[in-house]
Number of protein chains: 2
Amino acid sequence: MNVGEVAALAGVTVRTLHHYDRIGLLSPSGRTAAGYRRYSAADLDRLHQVLLYRELGFPLEEVATLLDDPSADPVEHLRRQHRLLRDRLDRTAAMVAAVEKEMEARQMGISLTPRERFEVFGDHDPEQYEAEVQERWGDTDAYRESSRRAAAYTKDDWVRVTAEGEDVEARMAAALQAGVAPDSPEAMDLAEEARQQISRNFYDCSPEVHAGLGRLYVEDERFTAHYERRAAGLAQWVSTAVQANAARQGA
Amino acid sequence: MNVGEVAALAGVTVRTLHHYDRIGLLSPSGRTAAGYRRYSAADLDRLHQVLLYRELGFPLEEVATLLDDPSADPVEHLRRQHRLLRDRLDRTAAMVAAVEKEMEARQMGISLTPRERFEVFGDHDPEQYEAEVQERWGDTDAYRESSRRAAAYTKDDWVRVTAEGEDVEARMAAALQAGVAPDSPEAMDLAEEARQQISRNFYDCSPEVHAGLGRLYVEDERFTAHYERRAAGLAQWVSTAVQANAARQGA
DNA sequence: GCTTGACCCTGACGCGACGTCAGGCTGTGC
DNA sequence: GCACAGCCTGACGTCGCGTCAGGGTCAAGC
């Protein structure tokens, strides 16, 4: 793909892509004979990461260091993005609530204190963010050592995580074939196991979130295909089990 | 208050306040003999509005025109801020969901299409935002006329809205004194009336949101005082009624 | 084959919203 | 009375692009 197409797809301007190329944040992997930039699928992938981090308020230079860190695997980026997005969700919800409180107060003829009104602005990312930067980039030998170990851990973990996922899926398939109903306690327990596994290995997956994923399993054909390859009807079975489990927990 | 105190309170730097003064966005209402800036309560109020709009991505110059528009009452600002914040909440939630989908896909060995991944960025504020600017600033005579009428409406509405609020509150107080239980259908109907009134006159107030407000009535002493001035025990009564009504509607 | 118009390139300057000194005045606790 | 935190006004720097300017490229139609 050339610049114009990429820009249209990603919702940025051509100038922005030029800029990212210039500062070395995202250089297209190839050029035509005439010097036209050619973007590969991997380039698009990186652009996606860049835009996410940018949206989250990271300066571009820091985005570059984050993405060029060889010891950071993709899952780590996703996990960080997820955490930051949830923080932002919470903050925005707090601001919405503050505006609602303000309107209500106004109607009743009550006035809020300045301190109260500014509360919602005060302290957000910078602190936690600084803390994370310190944690990640404190450049001591100890850091570099632990970083290497962390990278090693991550690889081991990856194998373990995949195996865990396989295990639960296999037991779900077995249950389906044994005629276990997807809304039975047994099925729900398996769904709960899957949920806790996600929470341990990826991000904090609430019953509500898990129910959303459950819907995905039947609505998105690629997820459906993944389950159906293992056993016919498994996608629907897992979807139902996950949602029943979420409902059981009050979601 | 002088610059340093205001800056600390609002979570901005002194330089930012200097900047706002220089560009005429927020000039303190007074100065000491030595030239020190003195900020009044009204100045703090304006700063609060500025920071909210800034957070929402408005350029400072536009913030100035919005806040200096004599035909825009405070409620209109709050309503707009509420709408924009909810939009942002929705967008952030969508991004969170997208990241979750991505992780799930990755674990299953599925890859999403570029188009899909960029979907969540594509189109946000600019369009609606432009539309609103057009709507508000299309400078025709018709606009100016309707603007005047809208401003007039707003004042009439304000009287009507206050009267409506008074009416519901009075009937709630009467019900309390007549011994109506706050979780009775009659009380819940009154709560529902209050909720619909907020939705009509201020912003879309879902049962969940209303339940939140209900909690406020007993948690925040000023809201409590507002109700208690009318009748002893009314704050708790209304709070319970509102939350019971929300629960009745599945919130 | 030639033109036309959309698309691409590389500078280079501009801008918004501050950050960051520099150099100097002010207010207060000991 | 003096140290030191806090305030003032320039003035220049920075980041993430927007916006020309001046010129090459490519597919389509004549």
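From a predicted model like this one, the values you see are computed outputs, not experimental measurements. Numbers restart at 1 for each chain; the letters A, B, ... are given by sequence-line order, proteins then strands.
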Whichever of Ala34(B) and Ala33(A) has the more 5' nearest nucleotide on DNA chain D, that residue is Ala34(B)
Could you go over nucleotides 11-19 of chain C and give all protein N or O partners under 3.5 Å, atom names and distances?
unit_1, atom_1, unit_2, atom_2, d
dA17(C), OP1, Leu60(B), N, 2.7
dC18(C), OP1, Arg54(B), NH1, 3.1
dC18(C), OP2, Tyr20(B), OH, 2.7
dG19(C), OP2, Thr13(B), OG1, 2.8
dG19(C), N7, Arg15(B), NE, 3.3
dG19(C), O6, Arg15(B), NH2, 3.0

For residues 23-37 of chain A, the salt bridge (Lys or Arg N to Asp or Glu O under 4.0 Å) pairs (sequence neighbours left out) are Asp21(A)-Arg31(A), Asp21(A)-Arg37(A)
Given side chains that start at C-beta, do those of [X] and [Y] come closer than 4.5 Å, heavy atoms only?
X         : Y         : answer
Arg88(A)  : Val96(B)  : no
Pro207(B) : Arg195(B) : yes
Val12(A)  : Val6(A)   : no

Write out a two-atom table: protein N or O, nucleotide N or O from nucleotides 1-7 of chain C, distance below 3.5 Å.
none

Pair [X], [Y]: side-chain N/O donor-acceptor within cut-off below 3.5 Å:
X        : Y        : value
Gln49(A) : His77(A) : no
Thr92(A) : Thr92(B) : no
Tyr20(A) : Arg54(A) : yes

With the threshold set at 4.0 Å, does a side-chain nitrogen-carboxylate oxygen contact exist between Asp45(B) and Arg117(A)?
->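 Judged by the 4.0 Å cut-off on N to carboxylate O distance, Asp45(B) and Arg117(A) do form a salt bridge.
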side-chain N/O Arg37(B) vs dT9(D) OP1/OP2, d < 4.0 Å:
yes
- Kindly say if His18(A) contacts the phosphate of dC17(D), meaning a side-chain N or O under 4.0 Å from OP1 or OP2.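 Result: no.
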In whole angstroms, the gap separating P of dC8(C) from CG of Asp21(A) amounts to 14 Å
Original post:
Could you state the OH-P distance from Tyr53(A) to dG16(D), rounded to the nearest angstrom?
Top reply: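 That distance rounds to 16 Å.
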- Counting any heavy atom closer than 4.0 Å, what does Arg38(B) reach on the DNA or RNA strands: base, sugar-phosphate only, or nothing?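 The residue Arg38(B) makes no contact with any strand.
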